[in-house]
Structure formats: C-alpha cells, structure tokens
2 protein chains.
Amino acid sequence: MYVTLPSEFTTEPSVAPLDCATPKTTQTHLKPGTYLYFEGDEVEWLYQVTHGVLRLTRLLADGRRQVIAFGYPGDIVGFPAKDLHHTDCEALTDVRLQPFRRAHLESGDGDPALHCALLQAALREISAMQDHFMMLGRKSATEKLASFLCVLSDRVGDDHGAFRQISLPMSRSDIADFLGLTTETVSRTFTQLRKSQIIAIDNIHTIIIQRPKALLGLTEGARD
Amino acid sequence: MYVTLPSEFTTEPSVAPLDCATPKTTQTHLKPGTYLYFEGDEVEWLYQVTHGVLRLTRLLADGRRQVIAFGYPGDIVGFPAKDLHHTDCEALTDVRLQPFRRAHLESGDGDPALHCALLQAALREISAMQDHFMMLGRKSATEKLASFLCVLSDRVGDDHGAFRQISLPMSRSDIADFLGLTTETVSRTFTQLRKSQIIAIDNIHTIIIQRPKALLGLTEGARD
DNA sequence: CGATAGCTTGAGAGTACTCAAAGTGGGTGG
DNA sequence: CCACCCACTTTGAGTACTCTCAAGCTATCG
C-alpha cells in the first residue's frame, strides 16, 4: 500500500480476496519481526495479505533506508523483476498470507481468473506508486504526514464514537523512511497536529482523528 | 524510464522491440509539444517508444507538478489503472511509437508472447519505480542529479572521444519536477558539477561527462 | 534586431536535518 | 511484583540545504 492519497478511495477495490479456482494453498503465518523475503531472493510466490501489516524496504549502501510500502490486508506483495525480489519484506504484526505461485502471474494457463487478478493488482500498484512520487517529491512534512494518516483512516481506520481511530503498528522511523523524513521531523509533526487538536495520540501506536476535514485540508497545503 | 540507478544496467533489457506475432499496427508519430494522452483518458492502447522522448506528468490541485517518468526508446507507456490513464504524456522531441492494443496486456488470447512481454514490462516498471522512491525520498540534490545523468549516460549516452555525451531534450524544470527539486537548484547543481570539471555543458541540451567515475561516486554520497 | 521564454546567479529566508539530552514505556530478571 | 534497562520517542538548539524572490543573462524566434 502506498499511503498517499487523500480520500476518494474510501472503498478500496483491492481489499477483496482474490478469486481463485486453483486448489488453495494453505495460508502462511508470520510472527512480528520475521521476514517473508529479502532483496535478491528468487521469487517463487506472491502473497496476498489477509491479516496484519507488512513492511517493504530497500537499503542504500550507506545505510539510508526507504520504506517502499506497507502491506495491508488486500494488498499483493512480492512482484518479481528479473525473477528476483527487490525489497526486504518484514512482518510488523502477526500476519496471515495467502500465497500464490508466481507462475499464475506470468501465465494464465492454469487459472485465468487468478492470472488476471494478479495482473490487475500489478497495474494498481503502478498507479499507487505514481501517487507516492508526488508525495515524496513535492509535499511538505505536514502534507506528507496528513496524507499518510488520511489514507490509513480511509482504508483501515475504525469508528471511535464521532471520531476515527487508526492503529499504527510501525515505528516513527518506519513512517519517516516511508515519507522521506527523519524520525525527529515525524515526531515534531505529530506533536504539532496534536497541539492543533486535529489528532489525539492515545498511545504511540494509536491515534484518533478529531478533525478529519482539517486533516484532509492539510494534505494539499491548507495552512491550518 | 525512472532515471535513478547508477550503472549495472548498461545493457538495458527493455530496449529491444517487443516480439509480436500480431499483425503490426502502423507506427504513430508525434511532434514535440503534442500530447499522447491525458490523465483521466480511457486506455485503449499501450505504446512502445521506438524513437524520441516522452514525458509523463501528474499535477497537484495547486499546480505543483511531478514528472513521473521520461519515456525513452524501448520503454512501454500507458499502463492502465481502473481503465484510465493516470498521467499526462507529452512528446519532448519527434517521437515514434509502436501501439499495442490494451487487450494484449490483459489477456493472452490473441498473442501470448506479446501478452507476456507487456506483463514483464509492467513488472520492470514496478521495480524501476522502487528505485526512484529511494532517489526522491533519501538523496540530496547533487546525488539526484548525478544519478540522473549516470543513468542517461548508460542508457542513451553516446561516445564522444574519451568522454560520453548526453542529450537532454527536457527543460531544467522538467528535470527539477522529476527529481523533486526546483529549477534554480537544478541549475546551481549543474554549475557546481561543471566547476568541479565532472561535466561540461556543451549547450543547454547537451552535456559531456568528463569524469564518469567521479559522477558515479556522487550518486551515493561521495564528497567530491 | 527586438521580444520572450528559459536559464543562471545572487541574497535572504525557511524548512527539515543533525546532534544532543531528556522523557516514556515495555520487558526481563532479580 | 518491582526495579532496572533498553529501545523508542519527544523536545531542544543550532545548522545546513534547498527554496523563494529577484535580477541579469542567453538563446531562439518572429
């Protein structure tokens, strides 16, 4: 998931489990902190997240890190390029996955519906990544964090009385590396949103959106 | 093309024309400044660039712009998401294109080889975009411009005596919007590279790489 | 040859970064 | 069960990089 867009996508089409005539492989379970694959591994399976959250990262030689995406239920992870994985993939929570043989992506012979669904997921991925470019290249720290929270709220937020509540299983530095910021800046920006009473921080991993409209306004530069 | 990587990709696999058993549609021509499609248009065709350079852009409500990619010979442009184009696409030079019906991407019924080639192109695209994330999120202005020039040199540079020469059909502000910088910063960074004798600026649209090693070093932070 | 769009350079400002220190919370072991 | 420890987060102060605004420069086109 490229947590980038404001709203419009309230009902994410990707959340539905993929149609699959193929005899089901059993679901895979992952404990927090375990890796599903590493950059450079050969791709044999793709996975649809059914429960929990994954983190996809890439590293630069000097240790700088970019979080490429978070994998939420409905997302497909593990698309190959030249047969290889191009990110590391770690579970942030307990995760359940539905594996699909890579062959189903690359040929429709066995299961045309599944082939098509995986292809569509890849195309959605491209489009979502394009949004994320805009975020990384052109948005301020406040706009980035507001966009991030808005998308999470739409996709995985829960109603909490009049407000909406989001669980953030990732660390501040994961968020920073996703948004192209430092942890300090992420932390300061959270504080600033809290002080403007746009959000409340229930605990480090749970935030409540008190003024969704204001938050949405901040995603594209309102000066609130 | 997501002009991001240092070297390693000297022989780009994507440059070859796609295999295609399908009766060839005639090539399309585009004059500089004309648009191939706009954001929101319905996708009917994909295109492989055979000559020239395209520019893919997205806009934010307030006018901020992100150049998503430049399309160089060998690149496939026009991947749909929800049936629609998600960027504007403009020709920067005279461009020749080989169109492919979108149906060939989404089903292998007519021409399995073409279907497969288009799919592989989409997967390459995902991987290339991931590199670009690293660039936008984690690199300095100098690193960004050095990376940009290195990839162009590898993919479309010409030998020019002992040096390598690159043609830059895009404007400084196109480069800025691609790298997440301002035109002024791009211009200053060019000047700085010129003053360190790493590049020479033959004319605004033609630069010569005098010290490729030094330039490559700058792509990941060498302090030259 | 003048107009204009694009590029470069300069000065100053602002945002996000770096380095540093204090605060918080969860987990482990005594 | 409590205390300590460690990792993570927050806050602070100062810096640096990139941006903004402005002016000059350069090429291209009519």
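Numbered from 1 within each chain, the chains take letters A, B, ... in sequence-line order. Remember, predicted model here, so these are calculated numbers, not experimental data.
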Gap between atoms [atom1] and [atom2], on [X] and [N] respectively (whole Å):
X       : N       : atom1 : atom2 : result
Q192(B) : dC7(C)  : CD    : C1'   : 17 Å
N203(B) : dC7(C)  : CG    : C1'   : 12 Å
R188(A) : dC17(C) : CZ    : P     : 9 Å
I201(A) : dG25(C) : CD1   : P     : 12 Å
R172(A) : dG23(C) : CZ    : P     : 19 Å
L193(B) : dT8(C)  : CG    : C1'   : 15 Å
I175(B) : dG6(C)  : CD1   : P     : 14 Å
K139(B) : dC17(C) : NZ    : P     : 17 Å

Map I204(B) and V186(A) onto DNA chain C by nearest heavy atom, then report which one ends up closer to the 5' terminus.
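The residue closer to the strand's 5' end, by nearest nucleotide, is I204(B).
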Tell me whether the centres of the aromatic rings in H86(B) and F79(B) are closer together than 6.0 Å.
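Between H86(B) and F79(B), the centre distance exceeds or equals 6.0 Å.
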Anything under 3.5 Å between a donor and an acceptor, one on a side chain of residues 37-45 of chain B, the other on a protein residue two or more places apart or in another chain? List them.
from: Y37(B); atom 1: OH; to: G78(B); atom 2: N; distance (Å): 3.4
from: D41(B); atom 1: OD2; to: F38(B); atom 2: N; distance (Å): 2.9

Would you mind telling me which residue lines up with the more 5' stretch of DNA chain D, R138(A) or M170(A), judged by nearest nucleotide?
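This one resolves to M170(A).
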Have a look at T191(A) and say if it touches a base, only the backbone sugar-phosphate, or nothing, with a 4.0 Å heavy-atom cut-off.
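Counting heavy atoms under 4.0 Å across all strands, the contact made by T191(A) is with sugar-phosphate only.
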Sugar-phosphate only, base, or nothing, as touched by S140(B) at under 4.0 Å among non-hydrogen atoms:
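Sugar-phosphate contact only - S140(B) comes under 4.0 Å of backbone atoms but never of a base.
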Which of the following nucleotides, dT9(C), dT18(C), dC17(C), is nearest to the side chain of L181(A)?
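From the listed options, dC17(C) comes nearest.
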Any side-chain heavy atom of E90(A) within less than 4.5 Å of one from T57(A)?
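No; the side chains remain at least 4.5 Å from each other.
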Would you say the side chain of V49(B) lies within less than 4.5 Å of the side chain of P73(B), judging by non-hydrogen atoms?
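A side-chain contact exists here, since the closest heavy-atom pair is under 4.5 Å.
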Closest approach of T87(A) to I68(A) (non-hydrogen atoms, all atoms of both residues):
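Shortest heavy-atom contact: CG2-CG1, 3.9 Å.
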Testing the basics here: between R58(A) and M134(B), what is the closest heavy-atom pair and its distance to 0.1 Å?
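Between these two residues, the closest heavy atoms are O-CE, 3.3 Å.
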Span of DNA chain D in contact with chain B (heavy atoms, under 4.0 Å)
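In short, chain B contacts DNA chain D from dT18(D) to dC21(D).
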Checking R172(A) against F190(A): charged group under 6.0 Å from the ring centre and within 45 degrees of the axis?
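Satisfied, under 6.0 Å and within 45°.
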Any side-chain N or O of S187(B) less than 4.0 Å from the OP1 or OP2 oxygen of dC7(C)?
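So the side chain of S187(B) is outside the cut-off, no N or O lying under 4.0 Å from OP1 or OP2 of dC7(C).
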